[in-house]
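Input: a single structure, listed below in structure tokens.
Just so it is clear, the structure is predicted and the values come from calculations on it, not from any experiment.
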Amino acid sequence: MTNIRIYPDKTELVQSLTEQILTIESESIKEEGRFSIALSGGSTPKALYQHLAESDAFQWDKWYIFFGDERTVPPDDDDSNYRMAKETFLSKVPIPENQVYRMKGELEPTVSAEAYERVLQDVFGDNGFPQLNLILLGMGDDGHTASLFPHTAPIHETEKWVIAHYVEKLDTWRITLTPPVLNNAHYVAFMVTGDKKADRLNQVIHGDYQPDTLPSQIIKPEHGQLLWYVDQAAASHLE
Ligand code: 6PG
């Protein structure tokens with residue numbers, strides 16, 4: 001079930017998404033005694049992370065932090081998704097450090113991907129794909145999400161939980177959760193803002209199904225809910 005929520009601006013979007021996260025957190029803690037969330041990288045989520053950090057409504061000690069993808073750089077690198085999340089959010093809230101699981105971008109990529117899969121097995125068990133409570137995703141203006149870039153193999157991965165792959169377009173390696181894990185979450189929430197993404201967003205949501213070209217289309221939670229949090233600018237071309 002796809003649920004598109006459109007807001008006049010990013011501020012209202014962030015406030016509403018924060019309330020949604022509080023609802024999911026409460027449900028998760030009631031059912032599982034914890035709240036597992038995968039953070040997305042890039043720039044869009046910064047405002048959300050800053051807003052979360054200012055809230056005193058959350059049960060931070062029950063949060064388990066994962067990442068949807070990571071660049072192959074050290075954790076203190078400008079490009080690191082972990083660094084961005086730490087600076088805007090994790091350094092400001094009392095989530096136990098041993099409940100923050102970063103993808104180690106400083107390691108050899110395939111070693112790092114295998115290590116992260118073991119981390120997920122340790123936390124979620126290895127009886128089927130891990131089921132996170134919430135996965136936050138962004139969408140690039142080429143339609144990619146996490147590090148599933150157009151015309152790359154991880155879009156069609158059906159076995160592995162985490163993959164490292166060379167992204168020709170960026171001339172770099174990336175580490176990413178795979179569609180089976182992303183689609184196994186209770187909730188998946190995309191956050192998309194800005195008019196530069198308007199055309200692509202319409203293609204992804206209303207266009208023909210072509211995940212090789214529009215990898216965000218591969219995100220269709222098996223049992224969970226897919227939520228789109230979009231500002232008016234990004235929604236301006238939705239048919
Ligand atoms: C990353 C992200 C990526 C991001 C999109 C959108 O590592 O870059 O995980 O998937 O969500 O590229 O990025 P912006 O929010 O910066 O537009």
Return yes if a side-chain donor-acceptor contact under 3.5 Å exists between Tyr229 and Arg5, otherwise no.
yes
In terms of heavy-atom contacts, Asp212 and Thr152 come closest through OD1-N, 4.4 Å
Is there a side-chain contact between Thr18 and Phe58 (heavy atoms, below 4.5 Å)?
yes
Distance (rounded to the nearest 0.5 Å) between His151 NE2 and Glu168 CD
11.5 Å
For the residue pair Trp228 and Phe190, does the interplanar ring angle fall in the parallel (under 30°), tilted (30 to 60°) or perpendicular (over 60°) class?
parallel
Would you please say whether a donor-acceptor pair under 3.5 Å links the side chains of Thr176 and Asp69?
no
Derivation of the side-chain hydrogen bond (donor to acceptor under 3.5 Å, both in side chains) call for Glu32 and Asn133:
CA-CA 10 Å; Glu32 302 175 30; Asn133 298 122; 2.8 Å; yes
Classify the side-chain pair Glu108/Thr110 by whether it contains a donor and acceptor separated by less than 3.5 Å.
yes
Distance alone, cut at 3.5 Å: any donor-acceptor contact between the side chains of Tyr187 and Glu27?
yes
Should Gln203 and Arg200 be marked as a side-chain hydrogen bond (donor to acceptor under 3.5 Å, both in side chains) after you check the CA-CA gap, both sets of side-chain angles, and the distance that decides it?
CA-CA 5 Å; Gln203 288 172 15; Arg200 197 67 75 188; 3.0 Å; yes
Heavy-atom closest contact (Pro154 atom, Leu148 atom, distance)
CB-CD2, 3.7 Å
So CG of Asp199 and CG of Asn202: to nearest 0.5 Å the spacing works out to 7.0 Å
With no hydrogens and no angle check, just 3.5 Å: does a side-chain donor-acceptor pair link Tyr49 and Lys86?
no
When Arg83 is tested against each of Asp78, Asp77, Asp76 for side-chain hydrogen bond (donor to acceptor under 3.5 Å, both in side chains), which residue passes?
Asp78
For the aromatic rings, using the six-membered ring if either is Trp, is the centroid distance between Phe124 and Phe66 under 6.0 Å?
yes
Could you verify whether a donor N or O on one side chain and an acceptor N or O on the other, from Trp63 and Glu25, lie under 3.5 Å apart?
yes
Measuring centre to centre across the rings, with the benzene-like ring taken for any Trp, is Phe89 within less than 6.0 Å of Trp60?
yes
Can you tell me if Tyr7 and Ser16 form a side-chain donor-acceptor pair at under 3.5 Å?
yes
